[in-house]
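For reference, the structure is listed below as C-alpha cells.
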Amino acid sequence: MLDRLVGLAMLIIASAVFLYYTIWTLLMPFVDEDHPLQSLFPPRVWAIRIPVILILLGSAVVGSFLSAVMIRSNRKKALKAKQAKAGKKA
C-alpha cells in the first residue's frame, strides 16, 4: 500500500512540475511583463538553464555509476586471472 502512495505522490509532483514548466515556457512569453502573474515565475533564461543543469548532473551521476561498475568488474576479472595463474603454477 505504501508503494502505491509513494507512486501517486511522485505522479502528482511530476505532473505539477510539468504543468508549471509548460505554463512558464509556452504561455508566459505572451503575458505582459508588468502583469502580476509574472511574479510567480523566474526569468525565462532559467527555462533553459535549469534543464541543462539537470541533464549535466544526471549524466555525471550515470557516468560515475557506470565507471564504478566497470572498475569493480575489471578488478574481479584481474583477481580471477591472478588466481587462475597461481593455480596453474602449483
Side-chain angles (χ1 to χ4, degrees):
M1 182 67 181
L2 181 63
D3 58 342
R4 288 182 157 218
L5 288 175
V6 171
L8 179 63
M10 289 172 58
L11 179 64
I12 290 171
I13 291 170
S15 298
V17 168
F18 176 76
L19 184 64
Y20 180 84
Y21 185 77
T22 302
I23 291 171
W24 179 27
T25 56
L26 298 179
L27 298 179
M28 293 313 290
F30 300 107
V31 178
D32 292 333
E33 291 292 328
D34 58 347
H35 196 277
L37 279 178
Q38 291 286 357
S39 65
L40 298 174
F41 299 93
R44 271 181 290 224
V45 69
W46 287 100
I48 300 298
R49 288 182 184 168
I50 291 172
V52 168
I53 291 168
L54 290 176
I55 288 171
L56 289 174
L57 285 174
S59 298
V61 168
V62 169
S64 298
F65 174 75
L66 288 176
S67 298
V69 168
M70 290 172 64
I71 289 170
R72 286 184 193 149
S73 175
N74 196 18
R75 285 183 185 165
K76 286 181 183 178
K77 285 181 184 179
L79 182 62
K80 285 183 182 180
K82 188 176 180 181
Q83 288 174 348
K85 187 176 180 182
K88 288 182 181 179
K89 285 185 178 180

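Please read all numbers here as calculations on a predicted model, not as lab measurements.
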All N/O donor-acceptor pairs, side-chain side in residues 18-26, below 3.5 Å, sequence neighbours left out:
from: Tyr20; atom 1: OH; to: Leu40; atom 2: O; distance (Å): 2.8
from: Tyr21; atom 1: OH; to: Ala47; atom 2: O; distance (Å): 2.6
from: Thr22; atom 1: OG1; to: Phe18; atom 2: O; distance (Å): 2.7
from: Trp24; atom 1: NE1; to: Pro42; atom 2: O; distance (Å): 3.0
from: Thr25; atom 1: OG1; to: Tyr21; atom 2: O; distance (Å): 2.8

### Message
Restricting to side chain to side chain donor-acceptor pair (under 3.5 Å), what partner residues turn up for Arg49, sequence neighbours left out?
### Response
none
### Query
Could you give all pairs that pass the side-chain hydrogen bond (donor to acceptor under 3.5 Å, both in side chains) test and reach residues 2-17, with sequence neighbours left out?
none
### Query
Which residue pairs pass the salt bridge (charged side-chain N to carboxylate O under 4.0 Å, His left out) test with at least one member in residues 19-34, sequence neighbours excluded?
Glu33-Arg44
### Summary
Residues passing the side chain to side chain donor-acceptor pair (under 3.5 Å) test with Gln83, sequence neighbours excluded, are none
### Query
Can you list the residues that meet the side chain to side chain contact (heavy atoms under 4.5 Å, CB included) rule with Pro43, with sequence neighbours excluded?
Val45, Trp46
Which donor-acceptor pairs under 3.5 Å do the side chains of residues 50-63 make with protein atoms, sequence neighbours left out?
from: Ser59; atom 1: OG; to: Ile55; atom 2: O; distance (Å): 2.9

### Task
Linking directly or through intermediates, with side-chain heavy atoms under 4.5 Å: list the remaining ILVMFWY members grouped with Ile12, chain and number order.
Leu8
### Task
Give me the other members of the hydrophobic cluster that Met10 sits in, counting Ile, Leu, Val, Met, Phe, Trp and Tyr linked by side-chain heavy atoms under 4.5 Å, directly or via other members.
Leu2, Val6
### Message
Applying side chain to side chain contact (heavy atoms under 4.5 Å, CB included), can you list everything that pairs with Val69, at least two apart in sequence or on another chain?
### Response
Phe65
### Residues clustering with Ile13 (ILVMFWY side chains joined when closer than 4.5 Å, directly or via others)
Val17
### Query
Got a sec, which pairs hit side-chain hydrogen bond (donor to acceptor under 3.5 Å, both in side chains) with one end in residues 64-80, sequence neighbours left out?
none
